[in-house]
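Working notes, beginning with the structure itself.
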Amino acid sequence: MRNQPEYNILLVEDDANHVALINRVFKDESHCHLMVTETLEQAKYLIGLSRPDLIIADVKLSDGQGVELLNSGSGPPTIVMADDSDESVAARAIKSGAAEFIVKSRETMASLPRMVSRVMREWHLAIEQKLAHERQQRLTAILEATPDLICIANLDGFVTYINHAGRNLLGIGKNENINRVRLADFHSVADGQKILSEGIPCAIHEGTWTEEITFVSLNGEKILTSLVLISHRNIHGETEFFSTIARDIRHLRAAEERVEYLAYYDTLTGLPNRNELTKRLEMEVARVKRTRLFGALLFIDLDNFKNINDSLGHPAGDLVLQEMAQRLQTHLRVDDTVARLGGDEFIVILSGLSLDGREATSLARDIANKIRSAISMECSIRDTELYVTASIGIAMISQDHVSGQDLQRYADTAMYQAKREGRNRVEFFSESMGCDVTRQLELENQLHRALKEDQFRLYYQPQVNAEMEVIGAEALIRWEHPELGIVPPAEFLDVLESSGQIVAVGNWVIETALKQMMQWIDNGLVHKDFMICINISPRQFRDPQFTQNIESLLGRINVPSENIIMEITEHNIIHNINHAILRMEELIGRGISFSLDDFGTGYSSLTHLKSLPVDNIKIDRSFVEDICTNSGDQAVVASILTLSRHLDLDVVAEGIENLEQFHFLRKYGCNIYQGYYFSKPLSPENMSVYMDAKKPAGDIPLLN
Ligand code: C2E
Ligand code: MG
Ligand code: MG
């Protein structure tokens, strides 16, 4: 006999005859175990206790109606029995969830075992269906919630299911019918073709096919996806339908492109970076060999960019770099490359200049000069006018077997030469430059040692008034070189400045001058209005620690700050006048005054003068030199003196070498004088002697 499932059946019946009959009917059904109870109440108790698989209940019981056990269908299946064929009872029973209803008779009761088997079969089926339905609902919920497009299509390509993400991606409305939709309609012709000729055969053959495919949504958006096409077979191995899973990889691709971009481009300026430059330079070297057309490599370095960063902060520095990158780009042809090496260094590759070396060189020079002027055009960053200049070194790219790396080195060397020659200029690389750079490095080392080994000296040049009384002195640095003797500042100041060593050396100068002044005061050699003038270099002036250093020196050395003049030139302020003024005002607040040195040599002196908090200007020696003979110089000096009177400024004339010059300037109303005529710069000892022996007022030689 077939293995039958076992059932526990609860029979609820108060008619003993019927119970006996039903018991008999089930006697041979060993898989059915009957439990019998007479009352509704007991039945309820037993249901809770033994959880029968099926209930057979009489409608009419002593304590109620069997229908009450039906419990709205959530309990086990129930067969309801009634004594007569009351239709309303039957209807009520079925409506309340009875699995079957019989009118009690010998026959119907005899058929109960068969009925039980059928009811149980149907019951199990219904439960299975319910579970399957629930399972499907869960799976659908998952499909609907996944962010990837998931789509099922029949063999003709028509969509039978598409999830929420898929509808979203393709722009298909939530309630739109998908019966006539084919996924193929959402691909470009090329991608559609690819799926047909490659994708479907491969999926049929291998089960899946994976490719990057672009969808075009209903609103025209192109969506790059990573797509998997899967073929599904029936039990006979025949393909029955396809499913597609597609993931939007636009963000991924954008991120990959960004990573790629970052590897080869500078984020700040968007220009190619060092990596990309190296690649392009090698290409250019190869091209020159092939085409014989000369090219050029320009090494561009902004002058004093560090000062902009130091004084205005890095965000402003970044803006300057972006602005300069922009200017470089607009001045080049599409074939040329402009790259940023880092910091304030840019490289330009000029391509295909000329077959003729001379012409190529001249073109490169013209372009470099154009770039130089573009850079030095006014630049306004956050309401501050900046004057940026650039030094440019050029190495020509010829057919010689020179590597890109060497070319960069050459152009770099030439750029350094441009800096040494005074910045804001263009220099071509020449073989001899290599030696110059080495010499510069050597000098830097020697200067480093000079400070450490105390080889610097401070000399003092007296300043006198119209009565030729000594009223002050300018401190001037000298280098007492162990072999070369006294070296003048012109030979080493630039190197100190460009290497940054000027900050330390400048501090030494200030400290030494103040100590010297203190000594003179202590020795009674100077009167209370004596001014000590100290030159401050641009880099030193912009050093973030500058004010702090001065304050700490003033704390240590007791010289009254009212006796100190700081000499600055236009170079100190040109990069950022507002910052310079702020810095000056800080120090003026401490009692120090300022003098504008080398006045007349800069290009916008008179404009700056009005806004600068200086007490004093020093007319440059070049105007004094020919003052007696050159009417142009006379005119300049006269107007400087008039302007100064208006602005209530003292004027110092520098470089007075003879009596004529002195008389001439005195006549024009100059009030302070300095020059070899009175004295050359003197060692501290000689200066002390000089002041000690100073002439009394009024002792001015007369002109013959
Ligand atoms: P400066 O500040 O304009 O100084 C005046 C220069 O003219 C000094 O040259 C001085 O010796 C020279 N001089 C003065 N009177 C005459 C004259 O009658 N005839 C001629 N031919 N020259 C005269 P020096 O000492 O060689 O200094 C050159 C420049 O170096 C200075 O020009 C100044 O800009 C700079 N310098 C000197 N000492 C220092 C220093 O301690 N720190 C800084 N940052 N710069 C300094
Ligand atoms: Mg000076
Ligand atoms: Mg001067």
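One-based numbering, in listed order, for ligands and for the atoms of each.
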Exercise. Look at Arg409 together with Asp412 and state whether they make a salt bridge at an N to O cut-off of under 4.0 Å.
Key: no

Quiz item: Does Asp310 have any side chain to side chain donor-acceptor pair (under 3.5 Å) partners at least two apart in sequence or in another chain, and if so, which?
Solution: Lys306

Quiz item: Are any N, O or S atoms from Glu567 nearer to the Mg ion (ligand 2) than 2.8 Å?
Solution: yes

Quiz item: Which part of Arg478 is near ligand 1, with near meaning a heavy atom under 4.0 Å away: side chain, backbone, both or neither?
Solution: side chain

Exercise. With heavy atoms under 4.0 Å as the rule, classify the contact between Ile477 and ligand 1 as side chain, backbone, both or neither.
Key: both

Quiz item: Counting heavy atoms only, which part of Leu493 comes closer than 4.0 Å to ligand 1: side chain, backbone, both or neither?
Solution: side chain

Quiz item: Going by an N to O cut-off under 4.0 Å, is there a salt bridge joining Glu625 and Arg621?
Solution: no

Exercise. Have a look at Asp597 and say which of its N, O or S atoms is nearest the Mg ion (ligand 2).
Key: OD2

Self-check item: Pairing of Lys419 and Asp303 as salt bridge, 4.0 angstrom limit
Solution: yes

Practice problem: Kindly report the OD1-the Mg ion (ligand 2)-OE2 angle for Asn535 and Glu474 respectively, rounded to 10°. | Solution: 90°

Practice problem: Specify side chain, backbone, both or neither for Lys618, according to which of its non-hydrogen atoms lie closer than 4.0 Å to ligand 1. | Solution: neither

Quiz item: Relative to the ring of Trp520, is the ring of Tyr460 parallel (under 30°), tilted (30 to 60°) or perpendicular (over 60°)?
Solution: perpendicular

Quiz item: Should Glu497 be listed as contacting ligand 1, given a heavy-atom distance under 4.0 Å as the test?
Solution: no

Practice problem: Please list, chain by chain and in numerical order, all residues satisfying side chain to side chain donor-acceptor pair (under 3.5 Å) with Glu497, sequence neighbours excluded. | Solution: Ser537

Self-check item: Part of Val509 with heavy atoms under 4.0 Å of ligand 1, whether side chain, backbone, both or neither
Solution: side chain

